[in-house]
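I have placed the structure first, in the form of structure tokens, so that the comments after it can refer back to it.
Counting starts at 1 for both ligands and their atoms, following the listed order. Below, each value reflects all heavy atoms present in this structure, side chains not excepted, and no hydrogens, waters or symmetry copies.
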Amino acid sequence: MDPRDASAPVLLASNLVKAHGTGRGARRILDGASLHARAGELVAIVGRSGSGKSTLLQILGGLDRPDDGWVEVAGERVTGASERRLSALRRHRIGFVFQFFHLLPELDGLANVLLPATLPGADRAAPARGMELVERLGLSDVAHLAPHQLSGGEQQRFALARALVADPPLILADEPIGNLDAASGQTVLRLLRDAADQGRAVVMVTHQAEATAVADRVLRLDDGRVTELQPGGGEPLETAHDAP
Ligand SMILES: Nc1ncnc2c1ncn2[C@@H]1O[C@H](COP(=O)(O)OP(=O)(O)OP(=O)(O)O)[C@@H](O)[C@H]1O
Ligand SMILES: [Mg+2]
């Protein structure tokens with residue numbers, strides 16, 4: 001990885017507005033949400049179910065467009081970019097871990113991980129990195145199974161490896177330990193923590209205390225806006241859904 005300016009935000013989002021539905025059924029899910037994440041930072045986003053965390057992450061990753069406001073990743077505008085620019089951004093600058101994994105059903109676990117490494121412009125180290133990630137995440141024995149033969153937690157870890165394989169400066173992860181037992185959850189958190197410590201910006205949506213515990217900052221999404229929780233500020237985190 002290139003040495004990166006630790007003070008320049010890798011992710012900058014300002015005054016995001018997003019409504020779902022139309023006419024009288026329209027609801028503002030985001031209503032002026034702003035946030036940033038710097039290189040070297042692991043940022044957690046918490047908020048109740050339905051508060052718009054996944055919607056926000058999709059907009060940050062250029063997978064959905066806001067009605068208003070803007071997003072910049074590594075100094076480049078995501079909002080308003082052409083589909084072609086967006087697809088290049090998603091390929092090289094953003095690693096996205098979906099809440100529901102979205103592995104390609106026709107490829108086995110390992111092939112899902114290595115897919116980004118086969119796309120034009122991928123760096124040469126990507127395949128070796130992919131193999132290493134699969135091993136580190138304890139997936140070697142199931143690397144050649146199809147997604148439908150994998151457990152939820154295995155699919156989640158393959159999805160994480162896929163997001164990291166191209167070594168992007170920004171990693172967006174939606175509930176990355178949501179389906180994992182305590183041990184796998186710790187492995188994933190350590191991987192995300194390492195990714196941040198090595199100079200990437202990591203933003204993860206979570207409701208788990210063990211995940212917010214390793215974050216540098218915890219943001220809460222509420223009423224369409226983002227507020228920063230003070231470390232040790234006494235505001236309770238949701239801990240209702242502990243790992244199985
Ligand atoms: N495509 C859509 N059309 C209409 N409404 C939508 C759409 N996507 C999301 N919503 C609504 O927007 C709200 C926010 O959804 P979102 O998935 O962002 O919440 P979340 O905070 O990620 O919830 P969870 O913690 O359960 O994953 C929900 O009320 C949801 O029903
Ligand atoms: Mg969600």
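Contact annotation: for I29 versus ligand 1, heavy atoms closer than 4.0 Å belong to the side chain alone.
At least one heavy atom of S51 sits closer than 4.0 Å to an atom of ligand 1. Heavy atoms of Q58 come nearer than 4.0 angstrom to ligand 1 in no pair at all. Residue contacts with ligand 1 include R48, since one of its heavy atoms falls under 4.0 Å from the ligand.
Within ligand 1, the atoms closer than 4.0 Å to a non-hydrogen atom of G52 are 14 (C), 16 (P), 18 (O), 19 (O), 20 (P), 21 (O), numbered from 1 in the order shown.
Among all protein heavy atoms, the one lying closest to atom 3 (N) of ligand 1 is H20 ND1, 3.8 Å.
Backbone or side-chain N, O or S atoms of S49 do not reach the Mg ion (ligand 2) at under 2.8 Å. Not one N, O or S atom of T55 sits under 2.8 Å from the Mg ion (ligand 2).
Of the listed options L221, L57, V205, T55, T55 places a heavy atom closest to atom 16 (P) of ligand 1.
A salt bridge links D64 with K18: at least one charged nitrogen is closer than 4.0 Å to a carboxylate oxygen.
Ligand 1 has no N or O atom lying under 3.5 Å from any N or O atom of G21, backbone or side chain.
Contacts of R136 classified as side-chain hydrogen bond (donor to acceptor under 3.5 Å, both in side chains), with partners at least two apart in sequence or in another chain: D194.
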Using residues 92-121 as the side-chain source, report each donor-acceptor pair under 3.5 Å to any protein atom, sequence neighbours left out, with the distance given to one decimal.
from: Q99; atom 1: OE1; to: S54; atom 2: OG; distance (Å): 2.8
from: D108; atom 1: OD1; to: L110; atom 2: N; distance (Å): 3.2
from: D108; atom 1: OD1; to: A111; atom 2: N; distance (Å): 2.8
from: D108; atom 1: OD2; to: H144; atom 2: ND1; distance (Å): 2.9
from: N112; atom 1: OD1; to: L104; atom 2: N; distance (Å): 2.7
from: N112; atom 1: ND2; to: L104; atom 2: O; distance (Å): 3.2
from: N112; atom 1: ND2; to: L107; atom 2: O; distance (Å): 3.1
from: N112; atom 1: ND2; to: D108; atom 2: O; distance (Å): 3.1
from: T118; atom 1: OG1; to: L115; atom 2: O; distance (Å): 2.6

